[in-house]
Structures are given as structure tokens and as C-alpha cells.
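A short worksheet on the structure shown next.
The sequence lines fix the lettering, A, B, ..., with proteins before strands; numbering per chain opens at 1.
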Amino acid sequence: MLRSHTCGQLRSSNIGQEVTLCGWVDTSRDHGGTIFLDLRDRYGKTQCVVNPDSGAEFLEVAKKLRGEDVALVKGLVHARLEGKDNQKLSTGDIEIRASEIRLLNRSKTPPFFPNQPELPGEDLRLKYRYIDLRREAMQRTLMLRSQIIKAMRDYFEQHDFVDVETPILGRSTPEGARDYLVPSRVHWGHFFALPQSPQLYKQILMVAGYDRYIQVARCFRDEDLRADRQPEFTQLDLEMSFVDSNDVISMIDGLMKKLAKDLLGLELELPLPRMTYDEAVRRFGSDAPDLRFGMEIVDCTEFARQSAFRVFSGAAEAGGYIRGIKVDRRAEEFSRKRIDELTEFVKHDFGAKGLAWFRVETDGSLWSPISKNVEPEIQLQFQQAFDARPGDLILLLADSWDVTCKGLNGLRRRLGAELKLYDSKQMHFSWVVEFPMFEKDEAEERWVAMHHPFTAPRPQDMQLLQTAPQTCRAQAYDLVINGYEAGGGTIRIHDSDTQQVVFDLLGITPDMAADRFGFLLDALRFGAPPHGGIALGIDRIVMLFGGLDNIRDCIAFPKTQRAMDLMTAAPGTVETKQLHELHVQVETPPVKN
RNA sequence: GGGGCCGUAGCUCAAUUGGUUAGAGCACUGGACUGUCGAUCCAGAGGUUGCGGGUUCGAGCCCCGUCGGCCUCGCCA
């Protein structure tokens, strides 16, 4: 060990000790006869003083040190001179009077410095990730991530869970996200798929009697990226036997309480609030509502349809809805230009036909460019429906159910952030439960599983599978934190007959099922216990607990939006020989013009 | 696949809206300085304005294409 202490360790209680520190040169302040070096490692910074007492030889070494050089300093811990302490540093009461200083390794001038005030461009940060990871903010986040995973493991160990690893090389399953494929060398024309989640394996583990399973599992989905989506991400995967929805939810409630307390010092009230999917969509237009603020959706279809104003009546006649949200007391902050921007936003991003709005005047009446088109009695109903007060702004969409949901959810989230309707440190945890079993595939006339094909319907909805699948609700539950889906799970189907009924509905024939999931259907016939589970998105949880706005900052080596690793330049080409071995040919790309 | 924002010195940004020699701070190089902590002071070096084409007497600025980063819709059971 070259060092005796870390750079964040020494305090006034160490005064008088001889110590050796190693680290990166954070800054150096050269006064000619005296040089101050701040040595940095992931634990902190310590000021080291080099002067003629250290020896002329070492003064020369210190003079040549530059930022990010790696150095070793040996010396006595001294109290700072009177009034020269630095309260910004945890080690600011002391300094090291160097008796020896060594350059362990020179650094080229880096493209950016970990301590520079302005954040460099993200492409540069990703290319030189080893320098970016020296930044205090990145180190804090990665340590938070480590603590969160440790707390999760501790919690589940206390509850008798077994950590089991499942294969990374598996088989492609139909439906779901696009798979990352790995060609088999041994089996011509056959491919492994990287797991989108360990779903089937953990169900098999339940059949095998490992009644409480967890895994910190890497998952892969070859879909387009977002601020909160990476092609490879990490889940805390969990499955339990002999449980219902309530048991799984309670188990995770306990985990969230522990995480909030241990890492944020927050006391959560249990049980965490729960809301059905239908209620969430009705009140907030989203299955992952941000409940840090109100601004609930008001449905005005019943009375607005009676207006002669075609925007309203036409939408209602077409089977659509007139729904809206209200900005409390801040209409004066909404210029025509700003409202035009919001209109463009809902039209462009969510396909809305337009955005209708009313401003509430001091006498309580409504004003809008469309006021003259909307009958006074209908306007009165809007006032009552929204409990309109002077200064309020009412924003309305008249469109299909889907467009009103997406558009109002989009508006609500955007306005919540722009108007700062919540404190940035605020955290809101809740559950959304009882999702539909199926949704209609847009293009084709067929049902697709909303969660996955192994999800069990609610017992009371079992007959609906045959009669009215669209109304059938699942034993499904999503954990929602600040408007993000932080996790989701279901109780699974544990008998092969029900599983086959669901497959039928999804258009998966017995032959296909046997081919793709035969092993699961077999397993279900060999004594499968009732079981269910959940998967938590660890990257997102770290992001939310760390108060960050993207998951790249929670991952040591993330990919860009175009799914590249800028540091290693992956993906890259391979030798023709490798392709031959794998029996893979690469198509010639189309010529662009 | 669609839409949007961005790309100027190593880094972060500016450039009077199309005008002739593209600037600043930090970093870098050299020098001065024994108590700084974003040290200070003096001097210096540093540019294919992402790339390619076009419009123009003239382009960092306008147009087209392209590459890269980010945001977003679709997509993500």
C-alpha cells in the first residue's frame, strides 16, 4: 500500500502524525517559494504544502505538477495557520507539510477537468468517461447506486430470498421488445437472444421450489433510447411463491420504506397509496402519473357535447371526449405566444387537432378566442366543472380518448415542471394496479398482452377471457415514483390450461406455444405453485433518488441515443473470419444519395 | 422512421443579425511571487467556425445534404 490514508480522511485529531497520501492533482497554487497542492481521490481533497523546508529537490517536483497528474505526498499533518482553514473541505482544518513528493504518473493535458465549473458536452464526457467519472457528481451517483443495491440485497436476504443467476444466452421469444441476437457457431443459422428480462427462468425457479428469488439482472432491449431508457439496463428481479398481488406489493413497500429512510432520510407512510389503472388514466391520462402535484383532468364531455361549437360537438359525435386541466391562478403568465407553443406541442407530439382554452376573468366569467362560439350556459358549466376562479387558465382537448389522455398528460407534466408545482427534492411513491390484460394492436386486428403473456387475470375476471377480453383486468401492479415507472410485476398464470386460453387470445397457436414456451407449459404441469413477482428498474431508481434527469448519469459506461459506446467505439466491425465461423453474412448497405 | 435544439481555440461561450484582421474566461507554454484554496501579476502560443456542396461582390451567420450529441413522437409485452 503506497498510502497510509485517503484524501478525505484526515482531521485535526490526526495532527502530528506522519502520513502518506496518493491521488490526482486537483489544483496547484504556485507562490514561488510555497506551493499548495490539492490532492484528490474519491474520498475527498487534502491540501499539501511544499516549501523550501521540504527540500529543493521536492520543490522542483511540485513546481512541475499539473492537473490530473498522479502524485504521492508524504509529510506531517499540521493544523492550518490561524484563519487559513477552509470550511469548504472536510479536511479543511489541516494540511500536509510535505517531506517527500513523488510524481507517480504524468497526465497529458486532459480534454476537460473533473473540477471545471461548466459541464463539457456529453459526447466528450462519454468518450473520456474515465475523466468524467472522476467528477464528484458522478462519484456520488455511482456510490449511491452501490448503496441502493446493497440495501436491496440486505433487505431481501433478511426476508429469506435466494439470489440465483439466470442465463444471458437464452432463446428469442415472440412479442415484446426487439431482441439482441447472438449467432451460434455450433448450430448453423441458430441464434441466442439476450434476455429482455429473466421472466421465464424465474417462473421455472418457482416450479423448482425456490419460493423467494431475487437477482440483480442485466436486461437487453433493442429499441430506441430515451433519457430514461438504455438498451442494456439493470433490474432488481424478484419472484415469490404462494402469494397474491398484495403480498408482492407489501414486500416492495417495505423495501421502499427502507431505501427512502436509509438513503434520503425520508419517512414513508405504509402502505403506499394505490390507484387502479382506470382511475389513473381517467384522472391523469397516464398509467404512471406524477402525483407530486394536482392539476387533475376534468371530463366535460357530457355538457360540452351539447354545444353548437363544432370542435366540441364534433369530437363527441365521433365518439371522442372533451377533457381538460386547469392552471390555478397563473393565467397572466400565459401569453398568446406561450399558449400557441402549447398548442403546437399537443398537435405535434400527440396528434391533437388543437388546444382550446379559457381564461377566468376577475368577475369569474370566461374569456377565450372561442368564447363567442360557446353558449353562455355551456361556459357556466365549464366554470362549475373546473371550480374556476379568477386568474385560472383552463386548457381543453376535444379528441379521442387516447389523444386526450396523452395530450393532457403531456401538458400536465410540462406545466408541472415549468410552473415548478413541486419541490425538486419531493418524492412521491405509489402503485398503479389492475391493468387491462390486453390491448388492441393498432395495425392488426388482434390482441396483444399489455404486460406479458404469462400474466394472470383477476380471479373474478376469469370468464371475461372468453366473453369480453377488453374488459378483463390483470393481477398487475406498477410502482410509480414521480411519474416514472420504477417497476412492474404481475401474478403469473400457474396452470397450463389458463395459459393456453391466453395464448389462444393472443393468437399464439398450441404449436407455436409448444415450440417457444414448451418448457414453461411442461413445467406448469409438474406441480407449479401459485406465484408472482416484480422487477424494479435500478437505473431509474438511482436516477430518482439522486435527483437526476437521465439514466446515463447513473450508469458507469452508458450508450448514446444511437446506441453507441463512444469510449470503446462499440459496436464495431469484425473480421470476415469471425463471420464465416458464425455462418453470418452482412448485407451491403443501400447507397444513399 | 418523423419532428425539434445544438455543433466556433483543448474546454465553456461570444461575434453588433451577411461585411473585410473570429474574441473572452479557464486550460496550455515561459517568467515573477513564501499562505493560497476558482491564488495573483506579466508575456506567449493556440482556429479547415463538424464535414461537403450551393447562394452572394462577400458566409461562423442564409439554403441543401451529411456526420455527431441531446430532447421528443412512433417504438419500448
Side-chain angles (χ1 to χ4, degrees), chain A residues 26-38 45-54 59 63 66-68 78 80-89 91-92 95 97 108-128 131 173-179 196-197 199 219-231 233 341 344-352 406-407 410 413-414 435 437-439 441-443 447-455 474 476 485 488 490 502 506 508 537 549-550 552 559-562 564 566 592-593:
Chain A
D26 195 63
T27 50
S28 77
R29 296 173 292 279
D30 183 351
H31 289 246
T34 300
I35 298 171
F36 298 95
L37 288 172
D38 290 347
K45 288 188 226 176
T46 301
Q47 172 165 286
C48 305
V49 186
V50 189
N51 59 28
D53 296 343
S54 312
L59 196 60
K63 242 185 209 322
R66 293 292 178 271
E68 303 311 303
H78 276 252
R80 294 273 184 108
L81 296 183
E82 188 72 27
K84 302 292 184 185
D85 59 320
N86 184 350
Q87 294 310 317
K88 285 188 246 171
L89 292 185
T91 60
E95 63 193 15
R97 301 276 174 85
K108 283 173 57 177
T109 301
F112 60 93
F113 287 88
N115 60 5
Q116 75 182 46
E118 324 89 351
L119 205 56
E122 190 153 358
D123 42 354
L124 208 65
R125 291 175 52 204
L126 291 171
K127 181 170 180 188
Y128 299 95
I131 294 170
T173 53
E175 305 214 24
R178 194 176 293 114
D179 284 317
Q196 296 178 23
S197 78
Q199 182 60 36
C219 305
F220 306 86
R221 295 179 189 176
D222 187 4
E223 297 291 347
D224 286 343
L225 281 63
R226 286 287 188 287
D228 62 347
R229 272 165 32 192
Q230 282 274 303
F233 58 101
E341 283 168 7
E344 209 32 55
F345 172 60
V346 292
K347 283 165 83 170
H348 179 268
D349 275 21
F350 306 105
K406 287 178 174 166
R413 296 182 77 117
R414 174 169 170 167
F435 282 67
M437 281 286 287
F438 309 102
E439 54 191 347
D441 187 288
E442 294 260 332
W447 297 106
V448 293
M450 190 148 181
H451 199 77
H452 58 55
F454 319 105
T455 301
E485 180 193 329
T490 64
V502 171
L506 296 173
I508 302 174
D549 59 6
N550 76 74
R552 292 184 301 281
K559 310 254 182 307
T560 67
Q561 188 164 50
R562 293 187 62 250
M564 292 250 303
L566 294 183
K592 286 190 180 179
N593 49 352

Pairwise C1' distance, B/U8 and B/A15 [rounded to whole Å]: 9 Å
A/Gln196 side chain vs A/Gly176 backbone, donor-acceptor pair below 3.5 Å: no
Phosphate contact (B/G69 OP1 or OP2) by A/Thr560 side-chain N/O below 4.0 Å: yes
Sugar-phosphate only, base, or nothing, as touched by A/Thr27 at under 4.0 Å among non-hydrogen atoms: sugar-phosphate
Short side-chain N/O contact to B/U36 OP1/OP2 from A/Arg29, under 4.0 Å: no
d(CZ, A/Arg229; P, B/C71) in whole Å: 11 Å
Beyond-backbone contact of A/Thr173 with A/Gln199, side-chain heavy atoms, under 4.5 angstrom: no
Atom pair distance, as rounded to whole Å: CG in A/Leu124 and P in B/G50: 16 Å
Polar pair under 3.5 Å, donor/acceptor by atom type, side chain A/Arg226, base B/G74: yes
Pairwise P distance for B/U20 and B/C64, with rounding to whole Å: 25 Å
Closest to the A/Arg66 side chain, choosing from B/G69, B/C28, B/C71: B/C28
Candidates B/C73, B/C33, B/C37 - which lies nearest the side chain of A/Phe350: B/C73
Rounded distance in Å between the P positions of B/G46 and B/U55: 34 Å
Protein-nucleotide distance (A/Glu118, atom CD; B/A27, atom P), rounded to Å: 11 Å
Sugar-phosphate only, base, or nothing, as touched by A/Glu122 at under 4.0 Å among non-hydrogen atoms: sugar-phosphate
Whole-Å C1' distance, B/G35 and B/C71: 48 Å
Touch class at under 4.0 angstrom, heavy-atom based, for A/Arg97 against every strand present: base
Atom pair distance, as rounded to whole Å: CG in A/Asp549 and C1' in B/U72: 14 Å
Residue closer to the 5' end of RNA chain B, A/Leu566 versus A/Leu89 (nearest nucleotide): A/Leu89
hbond_proxy A/Asp349 side chain to B/G3 base (donor-acceptor, 3.5 Å cutoff): no
Atom pair distance, as rounded to whole Å: CD in A/Gln196 and C1' in B/C76: 9 Å
Gap in Å between the two P atoms, one belonging to B/G7 and one to B/C61, rounded: 11 Å
Side chain A/Glu68, main chain A/Thr109, donor-acceptor under 3.5 Å: no
Distance test, side-chain N/O of A/Arg125 to OP1/OP2 of B/U12, below 4.0 Å: no
Watson-Crick or G-U wobble mate for B/G10, both contacts under 3.5 Å: B/C26
Pairing nucleotide - B/C5, Watson-Crick or G-U, each distance under 3.5 Å: B/G69
hbond_proxy A/Gln47 side chain to B/U36 base (donor-acceptor, 3.5 Å cutoff): yes
N-glycosidic conformation, B/U17 - syn within 90 degrees of 0, else anti: syn
Nearest non-hydrogen partners of A/Arg80 and A/Glu95, listed with the distance: CD-OE1, 3.2 Å
Protein-nucleotide distance (A/Gln561, atom CD; B/C6, atom P), rounded to Å: 16 Å
Interatomic spacing from CD in A/Glu122 to CZ in A/Arg552 - rounded to 0.5 Å: 4.0 Å
Gap separating the OG1 atom of A/Thr91 from the CD atom of A/Gln47, nearest 0.5 angstrom: 8.5 Å
Distance between P atoms of B/G65 and B/G58 (Å, rounded): 23 Å
Length of the CG-P vector between A/Asp123 and B/C71, whole Å: 12 Å
Side chain A/Arg221 and base B/C76 donor-acceptor under 3.5 Å: no
Touch class at under 4.0 angstrom, heavy-atom based, for A/Arg80 against every strand present: base
Sugar-phosphate only, base, or nothing, as touched by A/Glu341 at under 4.0 Å among non-hydrogen atoms: nothing
Sugar-phosphate, base or nothing in reach of A/Thr46, heavy atoms under 4.0 Å: nothing
Position toward the 5' end of RNA chain B (nearest nucleotide), A/Asp30 or A/His348: A/His348
For the student: nearest non-hydrogen atoms of A/Arg229 and A/Asp224, plus distance: NH2-O, 2.7 Å
B/U36 pyrimidine/purine six-ring stacking with A/Phe36, under 5.5 Å and 30°: yes
Whole-Å C1' distance, B/G18 and B/C42: 39 Å
Distance test, side-chain N/O of A/Lys406 to OP1/OP2 of B/G74, below 4.0 Å: yes
A/Glu223 (side chain) and B/G74 (base): donor-acceptor pair under 3.5 Å: no
Nearest-neighbour nucleotide for the A/Pro120 side chain, B/C11, B/G35, B/G74 considered: B/C11
side-chain N/O A/Arg562 vs B/G69 OP1/OP2, d < 4.0 Å: yes
Distance between C1' atoms of B/G47 and B/A9 (Å, rounded): 6 Å
Contact under 4.0 Å: A/Lys88 side-chain N or O vs B/G38 OP1/OP2: yes
Whole-Å distance separating the CG atom of A/Asn86 from the C1' atom of B/A39: 13 Å
Heavy-atom closest contact (A/Gly33 atom, A/Leu59 atom, distance): O-CD1, 3.9 Å
Whether A/Gln230 side chain and A/Lys559 backbone form a donor-acceptor pair below 3.5 Å: yes
